[in-house]
Amino acid sequence: MTDAAEAVVETSGLTKRFRGGQVAVDSLELSVPRGSVFGFLGPNGSGKTTTIRMLLGLIEPSGGTARLLGEPMPRAARQVLPQVGALIEGPALYGFLSGRDNLLRYDAADPTADPRTRSTRVSEALERVGLAAAGSKKAKAYSLGMKQRLGLASALLQPRQLLILDEPTNGLDPQGMREIRTLVRELADDGITVFLSSHLLDEIEQVCSHTAVMSRGKLITQGTVAEMSAGARGRLAVTTPDTAEAMPVLKEHGVTDVTVSGDRVTGEMPATDPPDLADLNAALVRADVRVRAFGVERASLEDVFVALTGEGFDVAG
Amino acid sequence: MSRADTAPSAASAGKPEASVAAGPVAAGPAGPAAAARAPGSPLRELLRPLGLFRSELVTTFRRWRTLALLLVLMAVPVLVGIAVKIETSDGGSVGGGEGDGPAFIAQVTNNGLFLVFTSLAVTLPFFLPMTVGMIAGDSIAGEAAGGTLRYLLVAPAGRTRLLLAKYATTVVFCVAATLAVALSALAVGALLFPVGEVTLLSGTPVSFGEGLLRTLLIALAVAASLLGLAALGLFVSTMTNSGVTAMAATVGLLITVQIVDTIPQLHAVHPYLFPHYWLSFGDLLRDPVYWDPLLKNLGLQALYVAVFGSAAWARLTNKDITA
Ligand SMILES: Nc1ncnc2c1ncn2[C@@H]1O[C@H](COP(=O)(O)OP(=O)(O)OP(=O)(O)O)[C@@H](O)[C@H]1O
Ligand SMILES: [Mg+2]
């Protein structure tokens with residue numbers, strides 16, 4: 001079952017049509033390689049959480065299949081899920097129980113968990129997310145970030161092969177976010193596959209090896225983060241007080257879409273046969289353009305994301 | 001049924017261990033116990049699925065709300081006992097005559113044990129089943145409302161196992177609620193009134209010991225009377241994602257059915273209403289015991305458990321958990 005080359009999450013034609021006819025997830029072909037840190041991106045309402053719920057057997061697909069750790073879901077839920085830790089659409093806790101008792105309860109719900117080591121497991125999980133001191137506090141008195149941490153602790157109760165984290169850094173303070181990033185890297189180093197959805201793209205860029213982008217229920221692209229960023233060409237940016245003189249020089253050298261804003265001139269480098277940057281700079285100087293700064297700005301994942309999913313702010317209905 | 005079903009069975013014991021050992025993290029620092037899933041003795045393996053039931057029990061009975069319900073139930077016998085004591089302190093009799101007030105109340109001044117029967121007769125039509133309706137109604141819907149249902153299911157608790165644990169806990173609550181009334185009544189009765197030899201409804205005197213034994217049987221009969229409602233509440237609970245809605249719907253159903261049970265024109269359906277034979281517990285105070293209504297009650301409760309238990313199972317195992 002644990003063939004290293006095999007995908008840890010694999011869906012084929014996975015579709016969810018909610019009652020009322022709305023297609024939340026449309027023929028999804030997703031493949032998450034073992035050992036990867038996989039960033040699952042998409043605007044609000046694009047179907048990420050719905051996909052995650054189907055993967056975990058919480059909702060029945062209307063079509064297609066999902067395999068988790070090589071086993072079909074939801075049929076093999078009982079064998080597979082003890083090896084999968086999950087955070088789905090934020091943590092959910094029993095407010096009237098302490099943080100520790102919450103974890104004890106979730107641990108007791110796993111029939112494969114040994115009751116004799118339950119208490120140790122819970123203590124270590126609390127330790128791991130930095131809640132050891134607050135473990136005896138009632139969960140209703142937790143702050144948003146503390147709840148999020150407790151949710152993560154419940155995902156880390158057992159040694160897992162796969163972690164599915166839906167917006168794990170939601171509500172965390174900067175230190176908390178850093179810790180989660182470090183934690184995700186540590187887990188990945190241990191060979192655990194981490195599948196995480198997030199809206200924080202620089203975060204995805206920092207921790208993820210692979211990524212996929214959803215929009216309106218459809219998968220637009222998936223691949224390694226490096227491939228994604230490379231796919232979008234960077235923009236040339238020149239900072240100069242002589243913007244008017246700079247524009248014709250750049251156009252002469254094949255730079256397209258030249259725009260000026262303030263003392264910055266930016267443009268697209270030609271895709272085929274781009275000019276040498278040094279020559280371009282020399283040409284600017286020869287034309288008496290006083291250059292303050294010059295260079296190609298690498299496209300961020302955010303640029304790629306917006307290019308793929310569109311600028312609009314409104315959520316698709 | 002279409003979903004992975006996680007009912008407890010001995011066959012489940014071996015498989016997850018094997019696959020974890022093959023996984024990459026068995027020795028990793030993520031292992032809060034590499035022995036977390038080490039197989040124990042076969043008996044332990046069989047009992048392990050009971051962990052959820054135990055957790056469910058602890059969670060329910062540590063909840064302030066549950067304790068408040070039990071306290072309210074315990075207060076009823078105190079009120080009834082004091083009322084009877086005050087009314088009879090001038091030597092008069094309760095209600096001023098025969099046939100008035102709740103069953104058995106006239107005998108309370110002679111024997112404190114009758115306060116138990118009076119209190120059960122007073123609480124059984126509404127108070128007692130209302131508390132059961134609240135616990136049963138909240139069981140699944142409350143977890144859905146809090147979002148904890150999804151985490152229990154990915155733990156993976158298993159839908160069938162969760163439903164069984166929820167129902168078993170509600171059954172324990174039925175017993176606990178009945179005992180809360182009975183024990184409180186027994187204490188108050190012994191405190192305020194004389195206790196001793198019991199005269200049964202058929203006029204036969206029996207020893208106090210046998211009286212206590214019959215009281216215990218009555219408490220069990222009352223608790224069993226609530227099982228049908230508990231199953232109904234569980235089913236309602238699988239139908240909604242709001243604990244309050246499910247509680248209100250179950251209690252509303254209870255009231256409706258109680259009203260229907262009193263409308264003579266609808267007598268054709270009466271034998272099928274779950275509260276119809278509830279007061280049959282009094283027949284345990286006859287010599288010989290008049291078993292017929294008692295057995296009819298048990299049969300009816302079993303029918304409700306079978307029908308609504310299956311419906312709840314069918315609903316929960318096919319439900320999309322979107323909360
Ligand atoms: N229970 C439901 N019934 C009907 N439609 C639903 C239900 N749950 C989600 N949807 C719809 O499915 C679509 C996808 O929702 P989903 O929660 O998967 O989005 P998401 O990608 O997780 O968004 P976000 O980034 O805001 O978390 C949305 O259009 C939503 O309205
Ligand atoms: Mg979401």
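Keep in mind the model is a prediction, meaning the values are calculated, not measured. In the text below, chain A, chain B and the rest are named by the order of the sequence lines, each starting its count at 1.
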| Quick one: of A:G35, A:P91, A:P72, who has the most non-hydrogen atom pairs under 4.5 Å with chain B? | A:P91

| remark: Rounding to 0.5 Å, atoms CZ (B:R159) and CZ (A:R78) come to a distance of 14.5 Å

| Region of A:L56 that comes under 4.5 Å of a non-hydrogen atom in chain B | both

| What heavy-atom pair brings B:R161 and A:A108 nearest, and what distance separates the two atoms? | NH2-O, 4.4 Å

| note | If one checks every heavy atom of A:F18 against chain B at 4.5 Å, the contacting part turns out to be side chain

| request: Against chain B, label A:D107 side chain, backbone, both or neither, depending on which of its atoms sit under 4.5 Å from a heavy atom there. | output: neither

| said: Could you check whether atom CZ of A:F96 has more than 12 heavy atoms from other residues, nucleotides or ligands sitting under 6.0 Å from it? | reply: yes

| said: Show the nearest heavy-atom pair for residues B:R150 and A:E89, with the distance to one decimal. | reply: NH2-O, 3.2 Å

| task | Heavy-atom pairs under 4.5 Å with chain A are the metric here; pick the option from B:A155, B:G142, B:G146 that has the most. | result | B:A155

| note | On a heavy-atom basis, the closest approach of B:Y151 and A:I88 is OH-N, 2.8 Å

| note | Output for pair (A:E60 CD, B:I321 CD1), nearest 0.5 Å, gives 11.5 Å

| request: Please tell me if the side chains of A:D110 and B:P156 come closer than 4.5 Å, counting only heavy atoms from C-beta onward. | output: yes

| query | Does anything in residues 56-72 of chain B get under 4.5 Å of chain A by heavy atoms, and if so which residues? | reply | B:E56, B:T59, B:R62, B:R63

| Pairs of heavy atoms under 4.5 Å with chain B: top-ranked of A:G95, A:A155, A:G90 | A:G90

| query | Is it the case that more than 12 heavy atoms not belonging to A:R185 sit under 6.0 Å from its CZ atom? | reply | yes

| field | Part of A:R53 lying under 4.5 Å from any heavy atom of chain B | value | side chain

| field | B:R315 atom CZ, over 12 foreign heavy atoms within 6.0 Å | value | yes

| query | Less than 4.5 Å apart, any side-chain heavy atom of A:L58 and any of B:D320? | reply | no

| To the nearest 0.5 Å, what is the distance between CG (A:L93) and OG1 (B:T148)? | 9.0 Å

| A:Y106, part contacting chain B, at a heavy-atom distance under 4.5 Å | both

